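Notes for the one structure printed next.
Small disclaimer: the values here were computed from a predicted structure and weren't measured. Both ligands and their constituent atoms are indexed starting at 1 by order of listing.
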Amino acid sequence: MELREKVIAITGAGRGLGAATALRLAGQGCNLALIDLDDDALAATAAACNDAGAPKAVTYNVNVSSEPDVEQLFADIGAEFGALHGLINNAGITRDALTLKVRDGEVTSKMSLAEWQLVIDVNLTGVFLCGREAAAKMIELGCEGAIVNISSISRHGNMGQVNYSASKAGVQAMAVVWAKEFARFGIRAASIAPGFIGTEMVMAMKEEAREKLASHIPLRRMGDPDEIASTVQFILENDYVSGRCFGVDGGLRL
Ligand code: NAP
């Protein structure tokens with residue numbers, strides 16, 4: 001897909017990987033629908049996208065896990081842009097805890113249902129709702145394009161992340177399903193599984209902690225957010241890519 005003038009929606013675009021992806025796509029001349037919960041962060045991303053060359057960058061303060069809000073969101077995007085060619089399903093959260101903590105044979109704590117449910121609501125249900133509504137709008141408007149789900153290296157199963165790992169395995173599988181279901185409408189779907197990426201939050205960690213993390217990675221460094229963004233661009237541009245998950249993790253295996 002030639003990206004110039006295409007309309008791409010990005011969830012979690014206020015900061016981190018979503019903002020980096022927005023900036024890269026802005027540089028390719030995309031029109032952007034930027035979705036997040038933080039108005040100030042959204043406004044900053046939109047301004048940076050305009051500076052980077054986006055013809056139009058519109059912000060939407062929407063919780064991706066609310067069905068009525070997501071339905072309204074894609075109705076609004078359709079009305080605003082008159083087209084939709086892609087969705088980057090990037091918004092995601094963590095609430096890490098061991099499933100059970102046991103001391104001297106006694107269970108001392110459990111991951112709460114609230115910690116499980118919140119992560120599933122945002123990372124799994126949010127991706128489902130946005131993917132479903134984006135595809136419906138693309139079909140209605142007669143637009144071909146692609147959906148990219150942001151999974152994680154934790155999809156293999158990371159200790160202390162039963163909720164997050166389950167959600168990230170789920171979004172990888174969802175992209176496989178959508179690649180099959182939506183191909184006849186000219187809509188491709190794929191996923192990206194980042195390893196440790198040096199977003200603002202990670203870079204705010206102490207240097208010692210960052211070095212310890214990096215020492216376990218074969219390439220001996222964290223990824224740059226733009227290395228995820230460039231993978232998004234590759235998936236959007238390459239019309240024969242569909243149904244696959246791209247690990248971008250410096251060679252790390254959990
Ligand atoms: P981040 O810096 O925490 O940014 C996530 C963004 O999503 C935030 O702006 C957040 O808004 C927004 N968001 C959270 N819940 C939302 C909701 N319910 N509706 C709409 N927006 C919501 O995260 P990141 O590190 O860039 O990660 C982006 C994606 O990559 C996530 O799916 C993450 O799991 C995945 N990932 C990241 C890494 C990494 O190393 N960074 C590695 C593997 C996978 P607020 O600020 O208002 O909460």
Side-chain angles (χ1 to χ4, degrees), residues 9-24 33-46 48 59-70 72-74 77 87-96 117-131 133-134 147-158 161 163-172 174-175 191-205 209-210 213-214 216-217 219 221-229 231-232 245-250 252 254:
I10 305 174
T11 68
R15 57 184 159 94
L17 303 185
T21 300
L23 268 186
R24 174 168 268 273
L34 304 169
I35 302 142
D36 204 283
L37 292 170
D38 182 332
D39 280 328
D40 292 342
L42 273 174
T45 304
T59 64
Y60 300 88
N61 188 322
V62 172
N63 183 344
V64 296
S65 63
S66 161
E67 184 175 39
D69 293 357
V70 171
Q72 188 60 50
L73 166 69
F74 284 93
I77 291 172
L87 164 70
I88 316 308
N89 249 328
N90 165 80
I93 60 168
T94 53
R95 291 293 182 277
D96 296 352
Q117 197 63 55
L118 189 60
V119 170
I120 295 300
D121 285 350
V122 176
N123 295 14
L124 194 60
T125 306
V127 166
F128 163 68
L129 290 173
C130 290
E133 292 308 306
I147 297 172
V148 181
N149 291 347
I150 304 300
S151 175
S152 165
I153 192 168
S154 296
R155 75 197 186 286
H156 293 304
N158 196 23
Q161 291 195 312
N163 46 4
Y164 185 77
S165 296
S167 73
K168 293 301 183 179
V171 304
Q172 178 187 346
M174 247 187 269
S191 58
I192 299 173
F196 290 107
I197 309 300
T199 49
E200 299 93 316
M201 261 187 342
V202 176
M203 294 316 276
M205 286 164 60
R210 278 190 280 130
L213 262 179
H216 299 292
I217 302 169
L219 286 181
R221 67 170 178 88
M222 287 183 217
D224 185 276
D226 190 56
E227 289 171 323
I228 302 304
T231 311
V232 171
C245 181
F246 296 84
V248 184
D249 50 27
L252 182 64
L254 288 182

Within the protein, residues bringing a heavy atom under 4.0 Å of ligand 1, chain by chain: G12, R15, G16, L17, D36, L37, D38, V62, N63, V64, N90, A91, G92, I93, V122, I150, S151, S152, Y164, K168, P194, G195, F196, I197, T199
May I ask you to say whether E227 pairs ionically with R24, meaning some side-chain N is under 4.0 Å from a carboxylate O? no
Can any side-chain N or O of N163 pair as donor or acceptor with the backbone N or O of R95 at less than 3.5 Å? yes
side-chain contact (heavy atoms from CB on, under 4.5 Å) against S152, all qualifying residues, sequence neighbours excluded: S154, Y164, K168
Any side-chain heavy atom of I153 sitting closer than 4.5 Å to one from L252? yes
Do D39 and N61 meet the criterion of a side-chain donor-acceptor pair at a distance under 3.5 Å? yes
Would you say the side chains of S191 and N149 form a donor-acceptor pair under 3.5 Å? no
